Colleague: 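A single structure is presented below for examination.
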Number of protein chains: 2
Amino acid sequence: MSPPKRRGRPPNQLAQARILKAAHDILTEDGFGRLTVEAVAARSGVGKPTIYRQWANASELAMAALMSRDPGIIAGGGTSLRSALTGQMRSLIQAFATTRGRQIAMTLAAADPESEFTKAFRNQVILSSREAGRALLLEAAARGEIMLQQDLEVLLDMIYGPVFYRLLVGHRPLDTGFADSIVAIALEAVAARADR
Amino acid sequence: MSPPKRRGRPPNQLAQARILKAAHDILTEDGFGRLTVEAVAARSGVGKPTIYRQWANASELAMAALMSRDPGIIAGGGTSLRSALTGQMRSLIQAFATTRGRQIAMTLAAADPESEFTKAFRNQVILSSREAGRALLLEAAARGEIMLQQDLEVLLDMIYGPVFYRLLVGHRPLDTGFADSIVAIALEAVAARADR
DNA sequence: ATTATAAAACGTAACGTAACGTAACGCAAC
DNA sequence: GTTGCGTTACGTTACGTTACGTTTTATAAT
């Protein structure tokens with residue numbers, strides 16, 4: 001986290017901030033399709049090469065903009081696993097049900113999967129909630145509230161994957177009932193029962 | 001199915017086929033990013049206006065190309081629900097694990113969600129397997145093999161959503177073990193048990 | 001039956017626009 | 001003084017559209 005003390009003229013912090021702000025505004029107002037380097041340069045009053053020095057293309061810029069203003073859904077207060085998980089899923093879905101959710105999905109789809117930028121984006125924006133969910137499940141298992149006999153990674157994908165699925169495919173709505181049902185089914189699969 | 005016998009010169013079937021073939025080839029060889037109307041026109045030896053008469057933009061063309069050469073994963077032979085569902089999931093994952101899977105995801109993300117073309121693409125390429133899965137589950141429930149107390153739609157999303165999730169996010173591999181685990185967990189959630 | 005007319009789709013060529021990505025240059029910060 | 005940011009300017013690619021002449025077909029007129 002220490003500044004590497006690079007030589008020469010340092011990047012203009014203000015310019016960088018204005019670039020990200022402009023990118024984010026365009027993203028929410030016009031969508032990912034309109035997020036071009038030209039448009040961001042024009043809107044932020046910055047030259048194109050200034051942008052290209054920091055980001056290789058428009059989709060990296062989009063990811064940076066989305067990361068710079070994203071809380072990251074992690075919270076999940078509550079005593080029982082069900083209440084904590086339900087709370088998290090509801091706020092996750094609420095955050096993704098907006099236009100921004102679709103922008104995130106489009107950005108991810110368009111991004112180079114190998115890029116370091118993409119990996120950071122994945123971890124911070126996409127997978128952070130999944131990690132929080134893993135913690136919740138492991139704690140509950142330690143309390144004996146559930147039995148994790150199945151593959152935990154797959155179970156997590158079955159909880160968080162459907163959100164993306166509906167977001168991208170759009171065959172059914174993203175609402176709170178969806179959040180509740182996912183949790184209910186997932187808990188059914190890991191219920192600690194007598195019959196075994 | 002009767003030919004509408006419209007007046008004037010009928011569309012050249014051969015040209016349409018060559019367009020779709022060229023589009024599909026570019027898609028698999030170079031990816032969605034390289035699929036431009038110009039490139040397809042050049043490769044297929046067809047004029048650009050001929051393409052634009054049929055498709056509004058490159059992503060519609062991509063969807064058409066993907067649909068034209070897609071078997072559609074529906075099969076699922078087997079006696080028990082588990083074997084049928086596992087068979088289907090394995091072939092689904094096998095089909096999506098290739099480069100084509102990612103092209104499909106990118107195409108879907110880039111497409112206009114309202115377009116009729118997009119809806120057809122969704123139904124034929126994305127949701128057809130989900131529909132087949134619904135049929136399998138309903139049959140098994142009728143046989144008393146499982147108990148569908150939860151929301152069936154959500155359960156289906158929890159089975160098929162994770163495939164897209166891993167495909168798009170890429171945090172874990174798409175392999176046969178994944179298919180098997182999904183089925184195992186899903187069946188656990190709908191198991192017909194004595195304890196209720 | 002033959003001929004003419006209208007309609008539709010074809011290919012070619014060209015257009016203005018948008019966005020791309022980079023080279024070159026000055027200047028600011030170290 | 002050197003390094004590297006920021007800007008201006010440029011060439012390139014692809015877009016989506018238009019105009020044009022040609023080809024193919026169905027229908028109407030002779």
Side-chain angles (χ1 to χ4, degrees), chain A residues 2-23 25-27 29-65 103 106-107 110-112 115 117, chain B residues 2-23 25-27 29-65 103 106-107 110-112 115 117:
Chain A
S2 61
K5 278 292 177 190
R6 299 169 56 194
R7 296 202 291 181
R9 176 180 176 175
N12 184 346
Q13 294 294 101
L14 184 67
Q16 307 295 314
R18 288 172 64 196
I19 291 169
L20 290 177
K21 167 109 170 62
D25 288 351
I26 291 175
L27 214 48
E29 287 173 23
D30 307 328
F32 181 74
R34 293 298 172 94
L35 183 78
T36 69
V37 173
E38 299 255 352
V40 173
R43 182 156 185 158
S44 65
V46 146
K48 278 196 294 173
T50 301
I51 298 176
Y52 278 111
R53 288 216 170 79
Q54 204 82 28
W55 299 280
N57 48 51
S59 64
E60 284 196 1
L61 181 51
M63 291 190 284
Q103 308 306 338
M106 290 181 63
T107 302
D112 173 15
S115 152
F117 244 103
Chain B
S2 61
K5 279 294 177 188
R6 295 173 57 196
R7 244 179 126 173
R9 179 176 177 175
N12 186 347
Q13 296 292 100
L14 185 68
Q16 306 296 315
R18 287 172 64 198
I19 291 170
L20 291 177
K21 167 113 171 60
D25 289 351
I26 291 175
L27 215 46
E29 287 172 24
D30 306 328
F32 181 74
R34 293 295 172 91
L35 183 78
T36 70
V37 173
E38 302 252 350
V40 172
R43 182 157 185 159
S44 63
V46 145
K48 274 199 296 173
T50 301
I51 297 176
Y52 278 112
R53 276 179 201 115
Q54 203 84 29
W55 299 280
N57 47 53
S59 66
E60 283 197 1
L61 181 51
M63 291 190 284
Q103 306 305 338
M106 291 181 62
T107 303
D112 172 15
S115 151
F117 244 102

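As the structure is a prediction and not an experimental result, all values here were calculated from the model.
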Colleague: Starting at atom CZ of B:R34, determine the distance to atom C1' of C:dC20, rounded to an integer number of angstrom.
Modeller: 13 Å
Colleague: What contact category does B:Q16 fall into here, base, sugar-phosphate, or nothing, at under 4.0 angstrom with non-hydrogen atoms?
Modeller: sugar-phosphate
Colleague: How long is the line joining CH2 of B:W55 and C1' of C:dA9, in whole Å?
Modeller: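 Going from CH2 in B:W55 over to C1' in C:dA9 covers 13 Å.
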Colleague: Could you state the CG-C1' distance from B:N57 to C:dA18, rounded to the nearest angstrom?
Modeller: 16 Å
Colleague: Quick check for you: to the nearest 0.5 Å, what is the distance between A:K48 atom NZ and A:T50 atom OG1?
Modeller: 11.5 Å
Colleague: Without decimals, in angstroms, what is the distance between B:L61 CG and D:dA14 C1'?
Modeller: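 My rounded result for the distance is 15 Å.
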Colleague: Any side-chain heavy atom of A:D25 sitting closer than 4.5 Å to one from A:K21?
Modeller: yes
Colleague: Which distance, rounded to the nearest 0.5 Å, do you find between the OG of A:S115 and the CE of A:M63?
Modeller: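 Answer for the OG-CE pair, A:S115 versus A:M63, is 5.0 Å.
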Colleague: If I take atom CD1 from residue B:I19 and atom CD1 from residue B:I51, how far apart are they, to the nearest 0.5 angstrom?
Modeller: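 The distance works out to 5.0 Å.
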Colleague: Tell me, with the steps shown, if A:L20 and A:W55 meet side-chain contact (heavy atoms from CB on, under 4.5 Å).
Modeller: CA-CA 11 Å; A:L20 290 177; A:W55 299 280; 3.9 Å; yes
Colleague: Please state how far atom CG in B:L14 lies from atom C1' in C:dA9, giving the value in whole angstrom units.
Modeller: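 About 14 Å, once rounded to whole Å.
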Colleague: Spell out, as yes or no, whether a donor-acceptor pair under 3.5 Å connects the side chain of A:D30 to the backbone of A:G33.
Modeller: no
Colleague: Identify all stems in which DNA chain D takes part, counting only runs of at least 3 consecutive pairs (Watson-Crick or G-U wobble, each distance under 3.5 Å), and give each as one range with another, ordered by first number.
Modeller: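 The stems that DNA chain D takes part in, listed by first number, are C:1-30 with D:1-30.
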Colleague: If you go through the side-chain atoms of A:R53, does one of them form a donor-acceptor pair with the base of D:dG4 closer than 3.5 Å?
Modeller: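 By the distance-only test, no, there is no pair.
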Colleague: Report, as yes or no, whether the 6.0 Å neighbourhood of atom CD on A:Q13 holds more than 12 heavy atoms from other residues, nucleotides or ligands.
Modeller: no
Colleague: Nearest whole Å is fine: how far is D:dC15 P from A:E38 CD?
Modeller: 17 Å
Colleague: Give a yes/no on whether any side-chain N or O of B:T36 is located under 4.0 angstrom from OP1 or OP2 of D:dC15.
Modeller: yes
Colleague: To the nearest 0.5 Å, what is the distance between CG on A:L61 and CD on A:Q54?
Modeller: 10.0 Å
Colleague: Between residues 45-52 of chain A and DNA chain C, which residues have a heavy-atom gap below 4.0 Å?
Modeller: A:K48, A:P49, A:Y52
Colleague: Tell me the interatomic distance from B:L35, atom CG, to D:dA14, atom P, rounded to whole angstroms.
Modeller: 12 Å
Colleague: Please report the shortest heavy-atom distance between A:A62 and A:T107, naming the atom on each side.
Modeller: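 Result for this residue pair: CB-CG2, 3.8 Å.
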Colleague: From CZ of A:R43 over to P of C:dA19, roughly how many Å is that when rounded to an integer?
Modeller: 14 Å
